[in-house]
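Quick notes on the structure that follows.
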There are 2 protein chains.
Amino acid sequence: MDRSVKNCYPCHMARPRQFDEERVLHAVRDQFWNAGYAATSLQDLMRVSGLGKGSLYAAFGDKHQLFLRALRSYLDDSLGYLREKLDSAPRALDALRAFVMAPVSDPGGAAARRGCLMANSTCELATADPEVLAEAGRTYEGTTALVAECVVRAQKEGDVPADADPIETARALLAAQQGLVFMGRTGLDFDKLTATARSLAAQLLPGAG
Amino acid sequence: MDRSVKNCYPCHMARPRQFDEERVLHAVRDQFWNAGYAATSLQDLMRVSGLGKGSLYAAFGDKHQLFLRALRSYLDDSLGYLREKLDSAPRALDALRAFVMAPVSDPGGAAARRGCLMANSTCELATADPEVLAEAGRTYEGTTALVAECVVRAQKEGDVPADADPIETARALLAAQQGLVFMGRTGLDFDKLTATARSLAAQLLPGAG
DNA sequence: CGATTGATGGACCGTTCGGTCAAGAACTGC
DNA sequence: GCAGTTCTTGACCGAACGGTCCATCAATCG
């Protein structure tokens, strides 16, 4: 089943893949990100990946499975990046602040207008696609857990009141962050969005920037 | 052009409409709300409206125009409802708290999981559909203005510090609310969502509930 | 009643959709 | 070089898509 491991052919080597699976997933992910799931056609996917229909179907299954693969790849990257950011910050409070401000961390604001693939997909598909809904639930639970860990660290460092519930605090921070992601997607002016992000971070987290 | 005005026929009356335009817009809006724009076919629209293709096209133009009509009808209703809620509250602070908590005001949580038509549409279409993006911008600017007015009133009533910027406060409240709407759409447990809403309201607004 | 008008519903259009399949290409082991 | 295996390509499929058109219907006014 898993053809990503190269040296597992029965006895005769066959024709090797001429494409890099990760590269294709990346291109496909961008396409879904820009146009959404339903508005992306197989022709779009062929164009951005450079693959023929047959290759796409042989490698990934149908459109929906390919979408889920691309989505999961995106989530793995995002969660890994978040974990690294949260863990590597010298002071947990700074990491929490950066977490809330993440939607405005891109200088130009282009990323803010593009939003988040998982968020966009959830809004488009959550009602009708249980697998996407499940992925969303898992993702935001995972994110909450990571942030909550960071809250605990901030408490140990004396920056967050010890009586605050870490999970509850994390959920509030996550909700605020996702609200900012969404406001960015509505086209809200980047400077105003940044000001709002600062305001939210200041109100939800102790200490002055 | 405008056939909604009944008494403007040249000289002979013709066959009158056999459907209620508002009723159709309502049904169509629900369909788009449940399935999204791209995933809704003309057959779906015919089914939920009970109209034939010809009637739909004659009355509303193509699918995209019909969608915009339904979306605007939704927005008019929503903004009207919000204005009324904000104005009718005896105390502005209570209205602001209710505004933030709106995503969990539905007892069962079904509304929370359905999300907001404008928010869903923005996430699905904002990148590719300038008209939807413009509608989103207008909507959230309008909402910000309404909430800011209410903040001013709360300041006059002594419930919100006088030195707070009403617009900035309104944007933060709106972002928090939309974050909650989104978290509801991810399927987050309704009780947890409610707790998060309470937590956000408590941190962003003065006074104890 | 008959002329006129807009509403109606479904047949019909070309296009594009997601998905399948078979034939050929590329590669290794014998 | 041949056999065996997988990958690649593009033709092909039926279905569904959005959209147009027209014969028919219902209502009014002269």
Side-chain angles (χ1 to χ4, degrees), chain A residues 1-25 27-28 31-32 35-70 124-125 128-129 131, chain B residues 1-25 27-28 31-32 35-70 124-125 128-129 131:
Chain A
M1 276 299 163
D2 187 2
R3 287 284 175 276
S4 60
V5 180
K6 296 286 167 57
N7 302 333
C8 68
Y9 298 113
C11 62
H12 293 284
M13 278 294 267
R15 181 174 180 176
R17 285 248 169 99
Q18 290 182 331
F19 63 91
D20 176 15
E21 196 160 290
E22 292 245 347
R23 204 178 191 75
V24 166
L25 282 179
V28 161
Q31 171 61 36
F32 281 127
Y37 175 73
T40 292
S41 70
L42 278 184
Q43 278 211 17
D44 293 327
L45 297 172
M46 291 165 59
R47 182 173 40 80
V48 300
S49 68
L51 293 181
K53 263 186 200 183
S55 299
L56 276 178
Y57 271 77
F60 302 102
D62 63 11
K63 181 187 174 186
H64 189 249
Q65 288 179 58
L66 174 54
F67 172 71
L68 287 177
R69 281 287 301 272
E124 181 188 350
L125 303 169
D129 190 330
E131 295 183 275
Chain B
M1 276 299 163
D2 186 2
R3 286 286 174 275
S4 60
V5 180
K6 295 286 166 57
N7 303 334
C8 68
Y9 299 113
C11 63
H12 292 284
M13 279 291 269
R15 181 176 180 176
R17 285 245 169 99
Q18 289 183 331
F19 64 91
D20 177 15
E21 196 161 290
E22 293 244 346
R23 202 176 192 76
V24 167
L25 283 179
V28 161
Q31 171 61 36
F32 281 126
Y37 175 73
T40 291
S41 71
L42 278 183
Q43 278 210 18
D44 293 327
L45 296 173
M46 290 165 60
R47 182 173 40 81
V48 299
S49 69
L51 292 181
K53 263 185 201 182
S55 299
L56 275 178
Y57 272 77
F60 302 102
D62 62 11
K63 180 187 175 186
H64 189 248
Q65 287 178 58
L66 174 54
F67 172 71
L68 288 177
R69 280 288 301 273
E124 181 187 350
L125 302 169
D129 190 330
E131 294 183 275

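Residue numbers begin at 1 in each chain, while the letters A, B, ... track the order of the sequences. Small disclaimer: the values here were computed from a predicted structure and weren't measured.
Not one N or O on the side chain of B:E124 forms a donor-acceptor pair closer than 3.5 Å with the backbone of A:A39.
Interatomic distance, NZ of B:K53 versus CG of B:L45, reported as 10.5 Å (0.5 Å rounding). Taking CG of B:L68 as the start and CG of B:D129 as the end, the distance is 6.5 Å to the nearest 0.5 Å.
Between A:Y37 and A:F67, the ring planes are tilted. Angles from 30° to 60° get that label. Ring geometry for B:F19 versus B:F60: interplanar angle of 30 to 60°, hence tilted.
Heavy-atom distances under 4.0 Å link DNA chain C to B:G52, B:G54, B:S55 of residues 48-57 of chain B, given in residue order. Residues of residues 37-46 of chain B having a heavy atom closer than 4.0 Å to DNA chain C: none are found.
For the pair B:F19 CZ and D:dC25 P, the computed distance is 20 Å after rounding to whole Å. Nucleotide D:dT20 holds its P atom 10 Å from the CD atom of B:Q65, rounded to whole Å. Between B:D62 atom CG and D:dT20 atom C1' there is a gap of 12 Å when expressed in whole angstrom units. Following rounding to the nearest Å, B:K63 (NZ) and D:dT20 (C1') show an atom-to-atom distance of 17 Å. Distance CZ (B:R47) to P (D:dG18): 13 Å, rounded to an integer number of Å.
Taking a 6.0 Å sphere around CZ of A:R47, one finds it holds more than 12 heavy atoms contributed by other residues, nucleotides or ligands. Crowding of A:Q43 atom CD: a count of heavy atoms from other residues, nucleotides or ligands under 6.0 Å not exceeding 12.
Partner B:D44 forms a side-chain contact (heavy atoms from CB on, under 4.5 Å) with one of B:T40, B:V48, B:L42 and no other, that one being B:T40.
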